[in-house]
Amino acid sequence: MSKSLQAIRGMNDTLPEQTPLWRYFESKVSRLLDNYGYKQIRMPIVEFTELFKRSIGEVTDIVEKEMYTFEDRNGDSLTLRPEGTAACVRAVLEHGLTGGGQVQKLWYIGPMFRHERPQKGRYRQFHQIGVEVFNLDGPDIDAELIVLTWRLWGELGIRDAVKLELNSLGTSEARARYRAALVEYLSSRLSELDEDSQRRLKSNPLRVLDTKNADTQAVLVDAPKLVDYLDEESRVHFEGLKARLDAAGIPYTINPKLVRGLDYYSKTVFEWVTDKLGAQGTVCAGGRYDGLVEQMGGKPTSGVGFAMGIERLILMLETLEQIPEEIARQVDVYLCAFGEAAELAALALSERVRDQLPNLRLQINAGAGSFKSQFKKADKSGALYALILGDDELAQQVVGLKPLRGQGEQQTIAWDALSEHLATCVVQG
Ligand code: ATP
Ligand code: MG
């Protein structure tokens with residue numbers, strides 16, 4: 001196929017055989033968030049470029065080199081959203097949802113766009129489920145966000161494969177004091193730092209802590225530690241969070257180098273990481289951003305949230321073979337009809353059954369075909385049973401019910417009794 005007719009590198013189709021797992025995952029998360037009292041919000045995929053520059057920060061990987069930015073026909077600079085927090089804050093402010101200290105517990109789902117080097121677990125269009133909470137400033141809500149993700153990992157069967165890393169970044173004042181100390185220390189050992197870190201030392205020194213370079217990591221061993229610079233309020237907040245996680249029985253490790261890529265975090269930051277996915281090990285990341293709303297022109301409003309990468313979690317489910325049996329099967333019953341009169345009766349019968357059993361996954365054969373070919377399709381559909389309706393069955397107002405997965409003999413069922421019968425052997429069984 002010519003290149004211009006192919007999908008863009010790093011932007012993937014989710015094929016019909018993959019969508020059941022996606023929908024399973026999405027429905028698990030959305031039900032869980034509903035149950036914890038979070039409400040869904042939907043924002044546009046495109047925003048003014050300025051929004052991301054202002055909120056994410058000019059000196060971040062995202063804004064410096066990852067955004068899909070273009071001019072529209074009005075000459076406005078627009079950007080495909082690289083993450084959800086900025087747009088969520090914009091929407092909340094635009095609609096006055098946090099006015100008067102109103103609490104908001106929100107979540108969203110959708111595609112995000114970053115021009116990164118595509119590899120396993122890293123794509124240019126990827127999908128996140130994100131949660132943002134406004135106007136709650138205690139550690140209890142930080143803990144709730146972690147508790148609910150912990151429950152999700154349990155429900156998905158991947159709890160043993162993820163670990164929680166925690167840190168506190170303090171208030172922006174505490175961080176400024178720390179930054180000064182870090183810059184002083186790193187400047188004294190400038191020649192030992194890798195080139196990227198030397199550059200970051202000027203533009204965004206905390207990001208040096210994030211380095212993957214072994215020599216720079218060695219220099220960091222003796223660097224000042226952020227925890228030693230924490231202000232009293234942040235320290236108490238962090239202790240409160242840890243006490244709650246202990247009470248909930250959620251294991252964690254403190255990672256003093258965890259600073260997160262985005263500028264807007266303060267106090268709590270956390271990541272759920274796994275060693276099952278190679279280099280792309282973070283499946284969910286978040287933290288507190290008490291200064292962001294004000295920075296974007298709103299009244300001082302605390303905020304805390306996280307985002308999880310759906311592709312990485314789907315890869316986890318596949319790698320750990322945590323794919324529930326019920327999603328492997330998409331069809332319960334496949335109805336085969338032979339001859340035009342039987343086809344007409346089959347349509348009416350199947351609609352009656354659907355009225356009575358709205359959850360039944362009943363597929364009716366389309367395109368006619370011989371006994372053999374319809375049976376083959378019934379089997380291939382994955383259905384538990386085939387229903388058979390030919391001239392003989394039509395005359396007697398019955399159907400044949402043939403088990404396709406080795407559960408007993410074929411039976412003959414009267415049309416009137418069909419729904420009741422299917423209810424016992426398929427819907428509940
Ligand atoms: P990373 O360090 O892996 O680049 P990040 O810090 O840039 O991650 P966030 O902006 O915090 O990521 O996004 C939250 C989550 O979204 C990540 O933990 C990850 O699961 C997922 N994610 C981020 N970028 C990508 C991507 N390019 N492809 C797939 N998933 C991604
Ligand atoms: Mg990144």
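Predicted, not measured: the structure shown is a model, and the values here were computed from it. Note: hydrogens, waters and symmetry copies are ignored here, and every other heavy atom, side chains too, is used. Ligands are counted one by one from 1 in listed order, and the atoms in each one are counted from 1 as well.
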Look at atom CZ of Arg159 and say whether more than 12 heavy atoms of other residues, nucleotides or ligands are closer to it than 6.0 Å.
-> yes
Using heavy atoms and a 4.0 Å limit, tell me yes or no: is [X] in contact with ligand 1?
X      : answer
Gln280 : no
Gln128 : yes
Arg312 : yes

Contact atoms of ligand 1, heavy-atom distance to [X] under 4.0 Å:
X      : answer
Thr282 : 17 (C), 18 (O), 19 (C), 20 (O)
Val283 : 20 (O)
Arg114 : 5 (P), 7 (O), 9 (P), 10 (O), 12 (O), 13 (O), 23 (C), 24 (N)

For [X] and [Y], does a side-chain donor sit closer than 3.5 Å to a side-chain acceptor?
X      : Y      : value
Gln40  : Arg42  : yes
Asp228 : Tyr178 : no
Glu271 : Thr282 : yes

Relative to atom 3 (O) of ligand 1, which among Glu311, His127, Arg122 owns the nearest non-hydrogen atom?
-> Arg122
Within 45° of the ring axis of Phe375 and under 6.0 Å from its six-membered ring centre, is that where the NZ or CZ of Lys377 lies?
-> no
Asp61/Arg207 ion pair, N-O < 4.0 Å = yes
